[in-house]
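Written below as C-alpha coordinates is the structure these notes are about.
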There are 2 protein chains.
Amino acid sequence: MTGVTSAAAEPTGPDESAPTADPTAPAAGQGAGKPRRARGEQTRQLILETALRLFRERGYAETTMRAIAKEAGVAVGNAYYYFDSKEHLIQGFYDRNQAAHRAAAEEVLAAEKELAPRLRGVLHAGIDVNAPYHSFAATFFKSAAEPTSPLSPFSRESSPAREAAIAIFREVVEGSNAKLDPELRRELPELLWLGWMGVILFWVYDKSPGQRRTRRLIDGVVPLIDRLVSLSRLRVLRPALRQVLALIDSIRRDD
Amino acid sequence: MTGVTSAAAEPTGPDESAPTADPTAPAAGQGAGKPRRARGEQTRQLILETALRLFRERGYAETTMRAIAKEAGVAVGNAYYYFDSKEHLIQGFYDRNQAAHRAAAEEVLAAEKELAPRLRGVLHAGIDVNAPYHSFAATFFKSAAEPTSPLSPFSRESSPAREAAIAIFREVVEGSNAKLDPELRRELPELLWLGWMGVILFWVYDKSPGQRRTRRLIDGVVPLIDRLVSLSRLRVLRPALRQVLALIDSIRRDD
DNA sequence: CCCCGCTCTTGAACATGTTCAAGTCGAGGT
DNA sequence: ACCTCGACTTGAACATGTTCAAGAGCGGGG
(Lines give C-alpha, C1' and ligand atoms only; values in the text may rest on other atoms or scores of the structure.)
Protein backbone atom coordinates (compact mmCIF):
# COMPACT_ATOMS: atom_id res chain seq x y z
CA MET A 1 0.00 0.00 0.00
CA THR A 2 1.98 2.91 -1.21
CA GLY A 3 -1.07 5.07 -0.79
CA VAL A 4 0.34 7.42 -3.36
CA THR A 5 -1.00 5.77 -6.44
CA SER A 6 -4.49 6.96 -7.23
CA ALA A 7 -7.22 4.68 -6.03
CA ALA A 8 -8.80 4.70 -9.46
CA ALA A 9 -6.48 2.20 -11.02
CA GLU A 10 -7.63 1.12 -14.41
CA PRO A 11 -8.76 -2.48 -14.22
CA THR A 12 -6.35 -4.09 -16.63
CA GLY A 13 -4.05 -1.20 -17.54
CA PRO A 14 -0.53 -1.35 -16.16
CA ASP A 15 0.15 1.42 -13.69
CA GLU A 16 3.13 3.23 -15.11
CA SER A 17 3.37 6.05 -12.56
CA ALA A 18 6.28 5.53 -10.18
CA PRO A 19 5.26 5.18 -6.57
CA THR A 20 8.30 7.07 -5.36
CA ALA A 21 10.02 9.94 -7.08
CA ASP A 22 12.57 8.09 -9.14
CA PRO A 23 13.23 7.84 -12.83
CA THR A 24 13.21 4.09 -13.04
CA ALA A 25 9.69 2.94 -13.56
CA PRO A 26 8.96 3.62 -17.23
CA ALA A 27 12.00 1.61 -18.20
CA ALA A 28 11.32 2.14 -21.87
CA GLY A 29 9.70 -0.82 -23.57
CA GLN A 30 10.55 -3.90 -21.56
CA GLY A 31 10.39 -7.17 -23.44
CA ALA A 32 7.21 -9.10 -24.14
CA GLY A 33 5.16 -7.61 -21.34
CA LYS A 34 3.23 -9.56 -18.82
CA PRO A 35 0.39 -7.21 -17.94
CA ARG A 36 1.61 -6.14 -14.52
CA ARG A 37 -0.83 -5.20 -11.87
CA ALA A 38 -0.16 -2.63 -9.18
CA ARG A 39 0.87 -5.17 -6.58
CA GLY A 40 3.30 -6.82 -8.90
CA GLU A 41 4.86 -3.56 -9.93
CA GLN A 42 5.42 -2.74 -6.29
CA THR A 43 7.17 -6.04 -5.64
CA ARG A 44 9.26 -5.51 -8.71
CA GLN A 45 10.42 -2.14 -7.49
CA LEU A 46 11.12 -3.52 -4.05
CA ILE A 47 13.35 -6.23 -5.44
CA LEU A 48 15.19 -3.86 -7.77
CA GLU A 49 15.65 -1.31 -5.02
CA THR A 50 17.01 -3.89 -2.63
CA ALA A 51 19.30 -5.40 -5.22
CA LEU A 52 20.86 -2.08 -6.22
CA ARG A 53 21.38 -1.14 -2.60
CA LEU A 54 23.14 -4.39 -1.85
CA PHE A 55 25.20 -4.12 -5.01
CA ARG A 56 26.45 -0.76 -3.87
CA GLU A 57 27.02 -1.91 -0.30
CA ARG A 58 28.78 -5.17 -0.98
CA GLY A 59 29.56 -5.27 -4.67
CA TYR A 60 27.90 -7.22 -7.45
CA ALA A 61 29.64 -10.58 -7.20
CA GLU A 62 29.35 -10.63 -3.42
CA THR A 63 25.61 -10.11 -3.47
CA THR A 64 23.75 -13.39 -3.78
CA MET A 65 20.27 -13.75 -5.12
CA ARG A 66 19.34 -15.36 -1.83
CA ALA A 67 20.56 -12.30 0.03
CA ILE A 68 18.53 -10.01 -2.19
CA ALA A 69 15.42 -12.11 -1.72
CA LYS A 70 15.88 -12.39 2.02
CA GLU A 71 16.54 -8.69 2.44
CA ALA A 72 13.51 -7.87 0.34
CA GLY A 73 11.43 -10.37 2.26
CA VAL A 74 10.44 -12.50 -0.73
CA ALA A 75 11.37 -15.91 -2.07
CA VAL A 76 14.24 -16.36 -4.49
CA GLY A 77 11.92 -17.55 -7.18
CA ASN A 78 10.03 -14.31 -6.95
CA ALA A 79 13.03 -12.32 -8.08
CA TYR A 80 13.21 -14.58 -11.11
CA TYR A 81 9.59 -13.92 -11.85
CA TYR A 82 10.41 -10.27 -12.47
CA PHE A 83 13.99 -10.49 -13.69
CA ASP A 84 15.25 -13.11 -16.08
CA SER A 85 18.62 -13.30 -14.36
CA LYS A 86 20.87 -11.58 -11.90
CA GLU A 87 22.39 -9.63 -14.76
CA HIS A 88 19.03 -8.27 -15.74
CA LEU A 89 18.91 -6.44 -12.44
CA ILE A 90 21.73 -4.32 -13.75
CA GLN A 91 19.49 -2.95 -16.44
CA GLY A 92 17.73 -1.02 -13.70
CA PHE A 93 20.97 0.60 -12.66
CA TYR A 94 21.64 1.30 -16.28
CA ASP A 95 18.36 3.09 -16.90
CA ARG A 96 18.67 5.12 -13.75
CA ASN A 97 22.12 6.45 -14.53
CA GLN A 98 21.07 7.10 -18.09
CA ALA A 99 18.31 9.35 -16.83
CA ALA A 100 20.64 11.09 -14.42
CA HIS A 101 23.12 11.69 -17.22
CA ARG A 102 20.42 13.16 -19.39
CA ALA A 103 19.36 15.54 -16.61
CA ALA A 104 22.91 16.65 -15.95
CA ALA A 105 23.50 17.08 -19.67
CA GLU A 106 20.44 19.27 -20.12
CA GLU A 107 21.85 21.67 -17.58
CA VAL A 108 25.13 21.95 -19.39
CA LEU A 109 23.53 22.29 -22.79
CA ALA A 110 21.23 25.07 -21.65
CA ALA A 111 24.18 27.19 -20.61
CA GLU A 112 26.58 26.73 -23.48
CA LYS A 113 26.41 27.19 -27.25
CA GLU A 114 29.90 26.35 -28.47
CA LEU A 115 30.40 22.78 -29.62
CA ALA A 116 33.57 22.01 -27.69
CA PRO A 117 32.38 23.06 -24.23
CA ARG A 118 29.02 21.41 -24.87
CA LEU A 119 30.68 18.11 -25.64
CA ARG A 120 33.19 18.44 -22.86
CA GLY A 121 30.47 19.27 -20.37
CA VAL A 122 28.30 16.36 -21.37
CA LEU A 123 31.19 13.92 -21.14
CA HIS A 124 32.26 15.16 -17.74
CA ALA A 125 28.66 15.04 -16.58
CA GLY A 126 28.49 11.42 -17.64
CA ILE A 127 31.56 10.58 -15.61
CA ASP A 128 30.23 12.56 -12.65
CA VAL A 129 27.05 10.58 -12.67
CA ASN A 130 28.80 7.26 -12.81
CA ALA A 131 31.69 8.08 -10.51
CA PRO A 132 30.11 6.78 -7.29
CA TYR A 133 29.72 3.39 -8.89
CA HIS A 134 33.13 3.04 -10.43
CA SER A 135 34.35 0.29 -8.14
CA PHE A 136 31.48 -2.02 -8.79
CA ALA A 137 30.76 -0.89 -12.33
CA ALA A 138 33.93 -2.73 -13.23
CA THR A 139 32.58 -5.86 -11.61
CA PHE A 140 29.57 -6.19 -13.77
CA PHE A 141 31.10 -4.57 -16.79
CA LYS A 142 31.81 -7.96 -18.20
CA SER A 143 28.10 -8.61 -18.41
CA ALA A 144 27.77 -5.70 -20.77
CA ALA A 145 30.80 -6.74 -22.74
CA GLU A 146 29.46 -10.09 -23.82
CA PRO A 147 28.09 -9.58 -27.32
CA THR A 148 25.22 -11.99 -26.80
CA SER A 149 24.14 -10.36 -23.57
CA PRO A 150 21.00 -8.23 -23.62
CA LEU A 151 23.00 -5.77 -21.55
CA SER A 152 25.42 -5.06 -24.33
CA PRO A 153 25.05 -1.46 -25.47
CA PHE A 154 24.75 -2.80 -29.00
CA SER A 155 22.06 -5.36 -28.28
CA ARG A 156 18.53 -5.06 -29.51
CA GLU A 157 17.26 -4.99 -25.95
CA SER A 158 19.29 -1.88 -25.16
CA SER A 159 18.11 -0.23 -28.33
CA PRO A 160 15.82 2.26 -26.55
CA ALA A 161 18.49 3.14 -24.01
CA ARG A 162 20.99 3.50 -26.82
CA GLU A 163 18.70 5.77 -28.79
CA ALA A 164 18.18 7.91 -25.72
CA ALA A 165 21.92 8.20 -25.24
CA ILE A 166 22.49 9.11 -28.87
CA ALA A 167 19.78 11.71 -28.54
CA ILE A 168 21.89 13.52 -25.96
CA PHE A 169 24.74 13.79 -28.41
CA ARG A 170 22.37 14.83 -31.16
CA GLU A 171 21.40 17.71 -28.96
CA VAL A 172 25.05 18.49 -28.36
CA VAL A 173 25.50 18.90 -32.11
CA GLU A 174 22.15 20.36 -33.14
CA GLY A 175 22.08 22.94 -30.40
CA SER A 176 25.57 24.19 -31.07
CA ASN A 177 26.45 27.10 -33.29
CA ALA A 178 29.15 25.10 -35.03
CA LYS A 179 28.96 25.13 -38.79
CA LEU A 180 29.90 21.85 -40.32
CA ASP A 181 29.46 19.64 -43.31
CA PRO A 182 25.81 18.56 -43.42
CA GLU A 183 26.55 14.90 -43.97
CA LEU A 184 28.99 14.91 -41.10
CA ARG A 185 26.39 16.67 -39.01
CA ARG A 186 24.07 13.79 -39.64
CA GLU A 187 26.58 11.16 -38.63
CA LEU A 188 28.25 12.98 -35.79
CA PRO A 189 25.83 12.18 -32.95
CA GLU A 190 26.25 8.47 -33.39
CA LEU A 191 30.00 8.84 -33.73
CA LEU A 192 30.15 10.89 -30.56
CA TRP A 193 28.12 8.26 -28.76
CA LEU A 194 30.58 5.65 -29.97
CA GLY A 195 33.36 7.83 -28.64
CA TRP A 196 31.49 8.06 -25.36
CA MET A 197 31.41 4.27 -25.21
CA GLY A 198 35.16 4.40 -25.68
CA VAL A 199 35.49 6.85 -22.82
CA ILE A 200 33.41 4.57 -20.62
CA LEU A 201 35.63 1.69 -21.60
CA PHE A 202 38.68 3.69 -20.64
CA TRP A 203 37.00 4.78 -17.42
CA VAL A 204 36.21 1.25 -16.38
CA TYR A 205 39.86 0.35 -16.71
CA ASP A 206 41.07 3.58 -15.17
CA LYS A 207 42.49 2.87 -11.74
CA SER A 208 44.01 6.31 -11.15
CA PRO A 209 42.71 8.13 -8.05
CA GLY A 210 39.40 9.75 -8.84
CA GLN A 211 39.74 8.44 -12.37
CA ARG A 212 41.61 11.57 -13.22
CA ARG A 213 43.18 9.99 -16.26
CA THR A 214 39.74 9.74 -17.78
CA ARG A 215 39.23 13.42 -17.07
CA ARG A 216 42.47 14.20 -18.81
CA LEU A 217 41.45 12.03 -21.73
CA ILE A 218 38.25 14.00 -22.13
CA ASP A 219 39.97 17.35 -21.82
CA GLY A 220 42.57 16.31 -24.34
CA VAL A 221 40.37 14.66 -26.91
CA VAL A 222 37.57 17.20 -27.07
CA PRO A 223 39.71 19.97 -28.57
CA LEU A 224 41.04 17.53 -31.14
CA ILE A 225 37.54 16.52 -32.15
CA ASP A 226 36.50 20.13 -32.24
CA ARG A 227 39.36 21.05 -34.51
CA LEU A 228 38.79 18.07 -36.75
CA VAL A 229 35.13 18.90 -37.08
CA SER A 230 35.90 22.49 -37.97
CA LEU A 231 38.38 21.36 -40.59
CA SER A 232 35.68 19.27 -42.19
CA ARG A 233 34.46 22.35 -44.00
CA LEU A 234 37.75 23.03 -45.74
CA ARG A 235 37.53 22.29 -49.41
CA VAL A 236 40.90 20.58 -49.48
CA LEU A 237 39.78 18.04 -46.97
CA ARG A 238 36.50 17.24 -48.65
CA PRO A 239 37.80 14.10 -50.35
CA ALA A 240 39.26 12.82 -47.11
CA LEU A 241 35.99 13.46 -45.32
CA ARG A 242 34.07 11.64 -48.06
CA GLN A 243 36.43 8.73 -47.73
CA VAL A 244 35.89 8.47 -44.00
CA LEU A 245 32.13 8.75 -44.31
CA ALA A 246 32.09 6.16 -47.05
CA LEU A 247 34.10 3.85 -44.87
CA ILE A 248 31.68 4.25 -42.00
CA ASP A 249 28.81 3.57 -44.32
CA SER A 250 30.43 0.46 -45.74
CA ILE A 251 31.13 -0.88 -42.30
CA ARG A 252 27.58 -0.32 -41.16
CA ARG A 253 26.15 -2.38 -44.00
CA ASP A 254 24.84 -5.89 -43.52
CA ASP A 255 24.59 -6.69 -39.87
CA MET B 1 57.47 -28.35 -32.24
CA THR B 2 59.28 -25.14 -31.61
CA GLY B 3 62.51 -27.09 -31.42
CA VAL B 4 64.33 -23.95 -30.48
CA THR B 5 64.58 -24.52 -26.77
CA SER B 6 67.62 -26.59 -25.87
CA ALA B 7 67.01 -30.28 -25.29
CA ALA B 8 69.15 -30.44 -22.13
CA ALA B 9 66.46 -30.44 -19.46
CA GLU B 10 67.81 -29.71 -16.01
CA PRO B 11 66.82 -32.32 -13.39
CA THR B 12 64.62 -30.14 -11.22
CA GLY B 13 63.99 -27.44 -13.78
CA PRO B 14 60.53 -27.28 -15.27
CA ASP B 15 60.35 -29.10 -18.54
CA GLU B 16 59.24 -26.46 -20.94
CA SER B 17 59.35 -28.46 -24.15
CA ALA B 18 55.91 -29.45 -25.35
CA PRO B 19 55.36 -33.17 -25.74
CA THR B 20 53.19 -32.68 -28.80
CA ALA B 21 53.78 -30.27 -31.64
CA ASP B 22 52.16 -27.13 -30.35
CA PRO B 23 53.34 -23.69 -29.39
CA THR B 24 51.66 -23.59 -25.98
CA ALA B 25 54.13 -24.87 -23.47
CA PRO B 26 56.39 -21.92 -22.72
CA ALA B 27 53.41 -19.87 -21.60
CA ALA B 28 55.69 -17.03 -20.54
CA GLY B 29 56.14 -16.62 -16.84
CA GLN B 30 53.22 -18.32 -15.12
CA GLY B 31 52.50 -17.10 -11.59
CA ALA B 32 54.44 -18.18 -8.54
CA GLY B 33 55.77 -21.41 -9.99
CA LYS B 34 55.32 -24.75 -8.42
CA PRO B 35 58.31 -26.69 -9.68
CA ARG B 36 56.52 -28.95 -12.11
CA ARG B 37 57.85 -32.38 -12.80
CA ALA B 38 57.51 -34.24 -16.04
CA ARG B 39 54.45 -36.21 -15.01
CA GLY B 40 52.65 -33.13 -13.83
CA GLU B 41 53.40 -31.23 -16.99
CA GLN B 42 51.96 -34.06 -19.00
CA THR B 43 48.73 -34.03 -17.01
CA ARG B 44 48.55 -30.29 -17.37
CA GLN B 45 48.82 -30.55 -21.12
CA LEU B 46 46.24 -33.29 -21.21
CA ILE B 47 43.74 -31.20 -19.31
CA LEU B 48 44.36 -28.11 -21.40
CA GLU B 49 44.15 -30.08 -24.62
CA THR B 50 40.90 -31.69 -23.61
CA ALA B 51 39.41 -28.43 -22.44
CA LEU B 52 40.20 -26.56 -25.64
CA ARG B 53 38.82 -29.39 -27.72
CA LEU B 54 35.57 -29.43 -25.79
CA PHE B 55 35.33 -25.66 -25.93
CA ARG B 56 35.56 -25.82 -29.67
CA GLU B 57 33.15 -28.72 -29.94
CA ARG B 58 30.46 -27.51 -27.57
CA GLY B 59 31.27 -23.94 -26.72
CA TYR B 60 32.69 -22.46 -23.57
CA ALA B 61 29.62 -22.08 -21.40
CA GLU B 62 28.32 -25.51 -22.34
CA THR B 63 31.51 -27.25 -21.34
CA THR B 64 31.48 -28.12 -17.66
CA MET B 65 34.57 -28.66 -15.58
CA ARG B 66 33.21 -32.10 -14.76
CA ALA B 67 33.00 -32.89 -18.46
CA ILE B 68 36.57 -31.79 -19.01
CA ALA B 69 37.79 -33.86 -16.09
CA LYS B 70 35.81 -36.90 -17.13
CA GLU B 71 36.93 -36.67 -20.75
CA ALA B 72 40.53 -36.26 -19.66
CA GLY B 73 40.19 -39.14 -17.22
CA VAL B 74 41.07 -37.19 -14.11
CA ALA B 75 39.24 -35.82 -11.09
CA VAL B 76 37.74 -32.34 -11.12
CA GLY B 77 40.04 -31.20 -8.39
CA ASN B 78 42.99 -32.09 -10.53
CA ALA B 79 42.07 -29.50 -13.10
CA TYR B 80 42.02 -26.95 -10.33
CA TYR B 81 45.46 -28.01 -9.26
CA TYR B 82 46.84 -26.80 -12.58
CA PHE B 83 44.44 -24.02 -13.44
CA ASP B 84 43.12 -21.54 -10.93
CA SER B 85 39.73 -21.40 -12.59
CA LYS B 86 37.83 -22.31 -15.70
CA GLU B 87 38.72 -18.94 -17.17
CA HIS B 88 42.39 -19.63 -16.73
CA LEU B 89 42.06 -22.41 -19.25
CA ILE B 90 41.41 -19.74 -21.81
CA GLN B 91 44.88 -18.38 -21.35
CA GLY B 92 46.10 -21.49 -23.14
CA PHE B 93 43.95 -20.71 -26.12
CA TYR B 94 45.18 -17.17 -25.95
CA ASP B 95 48.86 -18.09 -26.03
CA ARG B 96 48.37 -20.51 -28.84
CA ASN B 97 46.65 -18.06 -31.13
CA GLN B 98 49.17 -15.43 -30.24
CA ALA B 99 51.93 -17.70 -31.47
CA ALA B 100 50.02 -18.54 -34.61
CA HIS B 101 49.47 -14.87 -35.30
CA ARG B 102 53.14 -14.18 -34.87
CA ALA B 103 54.04 -16.95 -37.32
CA ALA B 104 51.56 -15.73 -39.92
CA ALA B 105 52.76 -12.18 -39.44
CA GLU B 106 56.40 -13.10 -40.02
CA GLU B 107 55.46 -14.46 -43.38
CA VAL B 108 53.75 -11.26 -44.40
CA LEU B 109 56.52 -9.06 -43.07
CA ALA B 110 59.20 -10.97 -44.90
CA ALA B 111 57.53 -10.27 -48.22
CA GLU B 112 56.57 -6.64 -47.92
CA LYS B 113 58.42 -3.42 -47.15
CA GLU B 114 55.77 -0.71 -47.43
CA LEU B 115 54.10 0.26 -44.18
CA ALA B 116 50.49 0.07 -45.34
CA PRO B 117 50.55 -3.44 -46.79
CA ARG B 118 52.62 -4.64 -43.85
CA LEU B 119 50.04 -3.40 -41.40
CA ARG B 120 47.16 -4.59 -43.51
CA GLY B 121 48.69 -8.02 -43.88
CA VAL B 122 49.35 -8.42 -40.19
CA LEU B 123 45.83 -7.39 -39.27
CA HIS B 124 44.25 -9.74 -41.77
CA ALA B 125 46.54 -12.50 -40.59
CA GLY B 126 45.33 -11.93 -37.06
CA ILE B 127 41.73 -12.26 -38.14
CA ASP B 128 42.56 -15.33 -40.22
CA VAL B 129 44.10 -17.02 -37.23
CA ASN B 130 41.16 -16.29 -34.98
CA ALA B 131 38.40 -16.81 -37.50
CA PRO B 132 37.74 -20.49 -36.71
CA TYR B 133 37.00 -19.54 -33.13
CA HIS B 134 34.78 -16.54 -33.72
CA SER B 135 31.60 -18.14 -32.48
CA PHE B 136 32.96 -19.12 -29.14
CA ALA B 137 35.46 -16.33 -28.79
CA ALA B 138 32.46 -14.15 -28.18
CA THR B 139 31.33 -16.44 -25.39
CA PHE B 140 34.37 -16.03 -23.28
CA PHE B 141 35.15 -12.54 -24.40
CA LYS B 142 33.53 -11.23 -21.28
CA SER B 143 36.20 -12.90 -19.22
CA ALA B 144 38.80 -10.80 -20.92
CA ALA B 145 36.70 -7.70 -20.62
CA GLU B 146 36.55 -7.66 -16.85
CA PRO B 147 39.26 -5.24 -15.76
CA THR B 148 40.14 -7.27 -12.67
CA SER B 149 40.50 -10.48 -14.63
CA PRO B 150 43.99 -11.81 -15.22
CA LEU B 151 42.81 -12.46 -18.77
CA SER B 152 42.35 -8.80 -19.52
CA PRO B 153 44.85 -7.73 -22.19
CA PHE B 154 45.83 -4.90 -19.86
CA SER B 155 46.40 -7.02 -16.78
CA ARG B 156 49.80 -7.67 -15.31
CA GLU B 157 49.39 -11.37 -15.90
CA SER B 158 48.99 -10.81 -19.64
CA SER B 159 51.98 -8.51 -19.69
CA PRO B 160 54.27 -10.98 -21.49
CA ALA B 161 51.61 -11.84 -24.03
CA ARG B 162 50.94 -8.16 -24.53
CA GLU B 163 54.60 -7.39 -25.01
CA ALA B 164 54.84 -10.16 -27.56
CA ALA B 165 51.89 -8.74 -29.45
CA ILE B 166 53.30 -5.23 -29.40
CA ALA B 167 56.56 -6.65 -30.68
CA ILE B 168 54.78 -7.73 -33.85
CA PHE B 169 53.66 -4.20 -34.49
CA ARG B 170 57.10 -2.89 -33.64
CA GLU B 171 58.38 -5.07 -36.42
CA VAL B 172 55.68 -3.75 -38.71
CA VAL B 173 57.01 -0.24 -38.14
CA GLU B 174 60.73 -0.86 -37.80
CA GLY B 175 60.97 -3.08 -40.83
CA SER B 176 59.11 -0.72 -43.08
CA ASN B 177 60.70 1.86 -45.31
CA ALA B 178 58.31 4.54 -44.12
CA LYS B 179 59.94 7.76 -42.99
CA LEU B 180 58.23 9.29 -40.05
CA ASP B 181 58.69 11.51 -37.07
CA PRO B 182 61.07 9.76 -34.66
CA GLU B 183 58.92 10.28 -31.59
CA LEU B 184 55.88 8.97 -33.39
CA ARG B 185 57.95 6.03 -34.54
CA ARG B 186 58.63 5.23 -30.92
CA GLU B 187 54.97 5.39 -29.91
CA LEU B 188 53.43 3.86 -33.01
CA PRO B 189 53.81 0.16 -32.19
CA GLU B 190 51.85 0.45 -28.97
CA LEU B 191 49.24 2.60 -30.68
CA LEU B 192 48.86 0.08 -33.46
CA TRP B 193 48.47 -2.67 -30.90
CA LEU B 194 45.76 -0.62 -29.23
CA GLY B 195 44.12 -0.27 -32.61
CA TRP B 196 44.40 -4.01 -33.05
CA MET B 197 42.56 -4.45 -29.76
CA GLY B 198 39.89 -2.21 -31.21
CA VAL B 199 39.69 -4.35 -34.32
CA ILE B 200 39.34 -7.45 -32.15
CA LEU B 201 36.58 -5.73 -30.22
CA PHE B 202 34.80 -4.94 -33.46
CA TRP B 203 35.37 -8.47 -34.69
CA VAL B 204 33.87 -10.02 -31.60
CA TYR B 205 30.71 -8.03 -32.16
CA ASP B 206 30.72 -8.56 -35.91
CA LYS B 207 27.92 -10.89 -36.85
CA SER B 208 28.16 -10.42 -40.61
CA PRO B 209 28.85 -13.60 -42.61
CA GLY B 210 32.53 -14.40 -42.48
CA GLN B 211 33.01 -11.25 -40.45
CA ARG B 212 33.44 -9.39 -43.67
CA ARG B 213 32.65 -6.10 -42.01
CA THR B 214 35.80 -6.48 -39.98
CA ARG B 215 37.72 -7.06 -43.21
CA ARG B 216 36.27 -3.91 -44.65
CA LEU B 217 37.14 -2.04 -41.50
CA ILE B 218 40.75 -3.09 -41.84
CA ASP B 219 40.92 -2.28 -45.52
CA GLY B 220 39.37 1.10 -44.91
CA VAL B 221 41.30 2.14 -41.84
CA VAL B 222 44.79 1.10 -42.91
CA PRO B 223 45.05 3.66 -45.73
CA LEU B 224 43.86 6.35 -43.37
CA ILE B 225 46.47 5.46 -40.81
CA ASP B 226 49.08 5.31 -43.52
CA ARG B 227 48.20 8.74 -44.79
CA LEU B 228 48.07 10.19 -41.28
CA VAL B 229 51.44 8.75 -40.48
CA SER B 230 52.96 10.19 -43.65
CA LEU B 231 51.51 13.57 -42.89
CA SER B 232 53.21 13.51 -39.51
CA ARG B 233 56.36 14.72 -41.19
CA LEU B 234 54.82 17.89 -42.56
CA ARG B 235 56.09 20.92 -40.73
CA VAL B 236 52.63 22.48 -40.56
CA LEU B 237 51.29 19.56 -38.64
CA ARG B 238 54.14 19.37 -36.17
CA PRO B 239 52.25 21.24 -33.42
CA ALA B 240 49.21 19.02 -33.84
CA LEU B 241 51.37 15.93 -33.66
CA ARG B 242 53.06 17.24 -30.50
CA GLN B 243 49.68 17.89 -29.00
CA VAL B 244 48.52 14.37 -29.65
CA LEU B 245 51.70 12.83 -28.33
CA ALA B 246 51.56 15.02 -25.24
CA LEU B 247 48.00 13.91 -24.66
CA ILE B 248 48.95 10.27 -24.90
CA ASP B 249 51.77 10.86 -22.51
CA SER B 250 49.57 12.66 -20.01
CA ILE B 251 47.01 9.88 -20.12
CA ARG B 252 49.60 7.24 -19.54
CA ARG B 253 50.84 8.87 -16.36
CA ASP B 254 49.95 7.55 -12.90
CA ASP B 255 48.29 4.21 -13.10
C1' DC C 1 65.30 -50.95 2.96
C1' DC C 2 62.60 -47.59 5.11
C1' DC C 3 61.06 -43.11 5.86
C1' DC C 4 60.50 -38.23 4.81
C1' DG C 5 58.82 -34.76 2.09
C1' DC C 6 57.00 -33.08 -1.90
C1' DT C 7 54.27 -33.41 -6.04
C1' DC C 8 50.23 -34.87 -7.58
C1' DT C 9 45.39 -36.90 -7.32
C1' DT C 10 40.95 -37.77 -5.50
C1' DG C 11 35.97 -37.03 -4.76
C1' DA C 12 32.84 -35.42 -1.52
C1' DA C 13 31.18 -31.07 0.19
C1' DC C 14 29.99 -26.28 -0.53
C1' DA C 15 28.08 -21.86 -2.62
C1' DT C 16 25.29 -19.88 -5.67
C1' DG C 17 22.61 -18.90 -10.06
C1' DT C 18 18.49 -20.87 -11.97
C1' DT C 19 14.24 -23.74 -12.69
C1' DC C 20 9.81 -25.62 -11.66
C1' DA C 21 5.70 -27.80 -9.93
C1' DA C 22 2.71 -26.49 -6.70
C1' DG C 23 0.43 -23.53 -4.55
C1' DT C 24 -1.99 -18.55 -2.87
C1' DC C 25 -4.48 -14.46 -3.84
C1' DG C 26 -7.81 -11.38 -5.68
C1' DA C 27 -10.81 -9.40 -9.17
C1' DG C 28 -14.73 -10.24 -12.41
C1' DG C 29 -18.37 -12.80 -14.06
C1' DT C 30 -22.59 -15.49 -12.96
C1' DA D 1 -21.99 -16.14 -2.49
C1' DC D 2 -19.34 -18.85 -5.36
C1' DC D 3 -16.31 -20.03 -9.22
C1' DT D 4 -12.66 -19.32 -12.37
C1' DC D 5 -8.66 -17.75 -14.22
C1' DG D 6 -4.54 -15.58 -14.39
C1' DA D 7 -1.24 -12.86 -11.85
C1' DC D 8 1.75 -13.64 -8.28
C1' DT D 9 4.55 -16.33 -4.71
C1' DT D 10 6.90 -20.09 -2.70
C1' DG D 11 10.86 -23.11 -1.54
C1' DA D 12 12.85 -27.29 -2.65
C1' DA D 13 15.55 -29.28 -6.29
C1' DC D 14 19.10 -28.89 -9.79
C1' DA D 15 23.53 -27.67 -12.26
C1' DT D 16 27.87 -26.19 -12.01
C1' DG D 17 32.17 -23.60 -10.54
C1' DT D 18 35.19 -24.08 -6.65
C1' DT D 19 37.37 -25.71 -2.24
C1' DC D 20 39.47 -28.86 0.83
C1' DA D 21 41.03 -32.53 3.74
C1' DA D 22 42.75 -36.75 2.85
C1' DG D 23 45.54 -39.64 0.68
C1' DA D 24 48.68 -41.98 -3.33
C1' DG D 25 52.94 -42.07 -5.73
C1' DC D 26 57.61 -41.29 -6.08
C1' DG D 27 62.48 -39.72 -5.46
C1' DG D 28 66.24 -39.28 -2.46
C1' DG D 29 68.69 -39.39 2.07
C1' DG D 30 70.00 -42.15 5.92
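First the proteins, then the strands, lettered A, B, ... as listed; each starts at 1.
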If I take atom [atom1] in residue [X] and atom [atom2] in nucleotide [N], what distance separates them, rounded to the nearest angstrom?
{"X": "B/Q45", "N": "C/dC8", "atom1": "CD", "atom2": "C1'", "value": "16 Å"}
{"X": "A/H88", "N": "C/dT18", "atom1": "NE2", "atom2": "C1'", "value": "13 Å"}
{"X": "A/K86", "N": "D/dA15", "atom1": "NZ", "atom2": "P", "value": "21 Å"}

Measure from the side chain of [X], starting at C-beta and using heavy atoms only, and say which of [options] lies closest.
{"X": "B/R39", "options": "D/dG17, C/dT9, D/dT9", "answer": "C/dT9"}
{"X": "B/T43", "options": "C/dT9, D/dC8, C/dT16", "answer": "C/dT9"}
{"X": "A/N78", "options": "D/dT9, D/dT16, C/dG11", "answer": "D/dT9"}

Would the distance check show the side chain of B/T50 and the main-chain N or O of B/I68 forming a donor-acceptor pair, the cut-off being under 3.5 Å? no

Paired with B/E49, the salt bridge (charged side-chain N to carboxylate O under 4.0 Å, His left out) test is passed by just one of B/R44, B/R56, B/R96, namely B/R96

Residue pair B/V76/A/R66 against DNA chain C: nearer the 5' end by closest nucleotide is B/V76

Whichever of A/E62 and B/V74 has the more 5' nearest nucleotide on DNA chain C, that residue is B/V74

What is the ring orientation for B/W196 with B/H101, classed by angle as parallel under 30°, tilted 30 to 60°, or perpendicular over 60°?
tilted

Should the pair B/K86 and B/F55 be classed as cation-pi, given the thresholds of under 6.0 Å to the six-membered ring centre and 45° from the axis?
no

Any side-chain N or O of [X] below 4.0 angstrom from OP1/OP2 of [N]?
{"X": "A/Y82", "N": "D/dT9", "result": "yes"}
{"X": "B/S85", "N": "D/dG17", "result": "no"}
{"X": "A/Y81", "N": "D/dT9", "result": "no"}
{"X": "B/Y80", "N": "D/dT19", "result": "no"}

